[in-house]
Amino acid sequence: MAPKPAPARLLAWYRAHRRDLPWRSTREPYAIWVSEVMLQQTRVETVIPYYERFLERFPGVEQLAAADEEEVLAAWSGLGYYRRARQLHRAAREVVASGGDLPITAAGLRRLPGIGEYTAAAIASIAFGEAVPTLDGNVLRLTSRLTAEAGDVRRAAVRRGLAEVAAGLLDPVRPGESNQAMMELGATVCRPRAPRCLACPLGEGCRALAGGDPERFPVAGGGRPTEKVFGVAAVVETEGRVLLARRSAAEAFLPGIWEVPWVVESRSPAAAAALAGRYGGEWRLGEPLGKVRHGITWRDLEIEVRPAHRRSPGGVAEGPEMGWFARSEMESLPTSSLLGKILRLTGA
DNA sequence: GATACGTGGAG
DNA sequence: TCTCCAAGTAT
């Protein structure tokens with residue numbers, strides 16, 4: 001007899017091991033919606049009491065829409081990410097204004113404030129039976145391990161591939177239950193650390209388990225950890241204008257981005273001296289921050305970079321273009337987040 | 001694609 | 001104490 005297909009094994013496991021959670025005893029769209037928004041980046045145990053109190057206070061979308069924002073926020077107080085409460089409230093008013101029923105497809109739900117890709121799929125599959133996979137953190141981890149996905153899961157293409165894997169685990173007749181089964185499996189068995197692979201119904205086909213180190217997945221960050229490096233930035237300011245340099249378009253990393261001249265080099269006094277010498281300053285590793293000499297503010301920086309993105313000393317300063325810009329002008333330039341940090345550190 | 005957004009639990 | 005991060009979304 002052939003072994004049961006994966007979607008069936010998954011469902012069987014879920015029915016035997018699922019936790020009894022308040023929102024699992026209903027398929028009412030509003031209740032599912034509230035639970036899914038509350039569960040965004042928030043632990044199940046934390047959500048439970050909030051969910052029960054919220055539904056008692058606002059039993060349906062009409063009551064929620066009729067409430068003052070202040071009341072809604074009060075009910076949310078302590079849960080965190082308060083934008084969720086405001087957007088849920090706003091969305092409830094939109095729903096009531098357009099008839100009182102939630103959109104029944106993921107695409108329709110997706111247009112409501114506070115409902116992103118995940119939440120739209122969750123509500124559509126659980127409350128309305130649409131066969132769309134939910135790619136939350138749990139499912140991402142589960143599918144990346146099943147396939148031993150080596151690509152960075154922050155990349156859109158990799159995530160699309162994992163969504164395909166999740167779609168393959170869906171029972172088309174019970175997509176909501178399948179999705180919850182994947183999330184439950186990810187939360188209780190395929191955990192971030194110390195996964196319980198012996199208890200996993202999908203262990204037989206899991207490539208990460210076969211590889212011997214499931215915790216290696218999901219891969220984020222190009223496969224290599226970030227490293228702390230020490231560097232220095234030169235904020236050269238004259239008459240209210242700041243000297244910026246731009247990389248050549250030929251450079252692979254951040255071409256065309258304006259930056260203050262800076263170097264990044266792992267604990268290399270030589271590199272620091274080279275830059276300091278170029279601008280006539282004197283600088284040594286470990287000196288206090290914000291030293292000003294002749295209009296030049298030198299900033300020590302400790303930042304995290306990926307080894308693949310390490311540039312040679314003075315990489316930016318050696319770019320083909322240099323220019324002076326008022327701080328107000330910089331808002332319209334393509335700049336890196338690092339520039340913003342540096343300018344904030346050096347004040348107005 | 002990187003970041004900000006809140007809080008509390010686990011290792 | 002400290003880091004990581006948990007059923008993400010919006011910008």
Report task. Classify the side chain of A:Arg84 and the base of C:dT9 as holding, or not holding, a donor-acceptor pair under 3.5 Å. Result -> no
Whole angstrom is fine here: how far is it from [atom1] in [X] over to [atom2] in [N]?
{"X": "A:Arg19", "N": "C:dA6", "atom1": "CZ", "atom2": "C1'", "answer": "11 Å"}
{"X": "A:Trp76", "N": "B:dC5", "atom1": "CH2", "atom2": "C1'", "answer": "13 Å"}
{"X": "A:Leu112", "N": "C:dG8", "atom1": "CG", "atom2": "C1'", "answer": "16 Å"}
{"X": "A:Asp136", "N": "C:dA6", "atom1": "CG", "atom2": "P", "answer": "10 Å"}
{"X": "A:Glu117", "N": "C:dG8", "atom1": "CD", "atom2": "P", "answer": "14 Å"}
{"X": "A:Tyr118", "N": "C:dA7", "atom1": "OH", "atom2": "P", "answer": "9 Å"}

Requested in this report: Side-chain contact test, heavy atoms from C-beta onward, threshold under 4.5 Å: evaluate it for A:Phe128 versus A:Ile123 and give yes or no.
Outcome: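 Yes, at least one pair of side-chain atoms sits under 4.5 Å.
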Requested in this report: Would you mind reporting whether A:Val219 and A:Glu149 have side-chain heavy atoms less than 4.5 Å apart?
Outcome: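 They are not in contact (no side-chain heavy atoms under 4.5 Å apart), so the answer is no.
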Query raised in the report: Can you hop from A:Val72 to A:Tyr50 via hydrophobic side chains spaced under 4.5 Å?
Result: yes
Query raised in the report: Under a single-linkage definition using a 4.5 Å side-chain heavy-atom cutoff for Ile, Leu, Val, Met, Phe, Trp and Tyr, are A:Met38 and A:Tyr30 assigned to the same hydrophobic cluster?
Result: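 Yes, because A:Met38 and A:Tyr30 connect within a single hydrophobic cluster, where side-chain heavy atoms sit under 4.5 Å apart.
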What's [X] touching, base or sugar-phosphate or nothing? Going by heavy atoms closer than 4.0 Å.
{"X": "A:Gly186", "result": "nothing"}
{"X": "A:Trp23", "result": "base"}
{"X": "A:Ile115", "result": "sugar-phosphate"}
{"X": "A:Arg86", "result": "nothing"}
{"X": "A:Thr134", "result": "nothing"}
{"X": "A:Leu21", "result": "base"}

**Report entry** A:Glu71: partners by salt bridge (Lys or Arg N to Asp or Glu O under 4.0 Å), with sequence neighbours left out
**Finding:**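 Salt bridge (Lys or Arg N to Asp or Glu O under 4.0 Å) check on A:Glu71 returns A:Arg57.
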Report task. Respond yes when some side-chain nitrogen or oxygen of A:Arg159 is under 4.0 Å from OP1 or OP2 of B:dG1, and no when none is. Result -> no
Query raised in the report: Does OP1 or OP2 of B:dA4 have a side-chain N or O of A:Tyr81 closer than 4.0 Å?
Result: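 No, no such contact exists.
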Requested in this report: Could you list by number each residue of residues 35-51 of chain A showing a heavy-atom separation from DNA chain B of less than 4.0 Å, or answer none if no residue does?
Outcome: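 Listed by number, they are A:Gln41, A:Thr42, A:Arg43.
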Query raised in the report: So, A:Gln40 versus A:Thr119: side-chain donor-acceptor pair below 3.5 Å or not?
Result: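 Yes.
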Query raised in the report: When you match A:Gln87 and A:Pro192 each to their closest nucleotide on DNA chain C, which lands nearer the 5' end?
Result: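 Counting from the 5' end, the first nearest nucleotide belongs to A:Pro192.
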Query raised in the report: A:Tyr82 or A:Arg193: which one's nearest nucleotide on DNA chain B is closer to the 5' end?
Result: A:Tyr82
Query raised in the report: Charged N to carboxylate O under 4.0 angstrom, A:Glu184 versus A:Arg19?
Result: yes
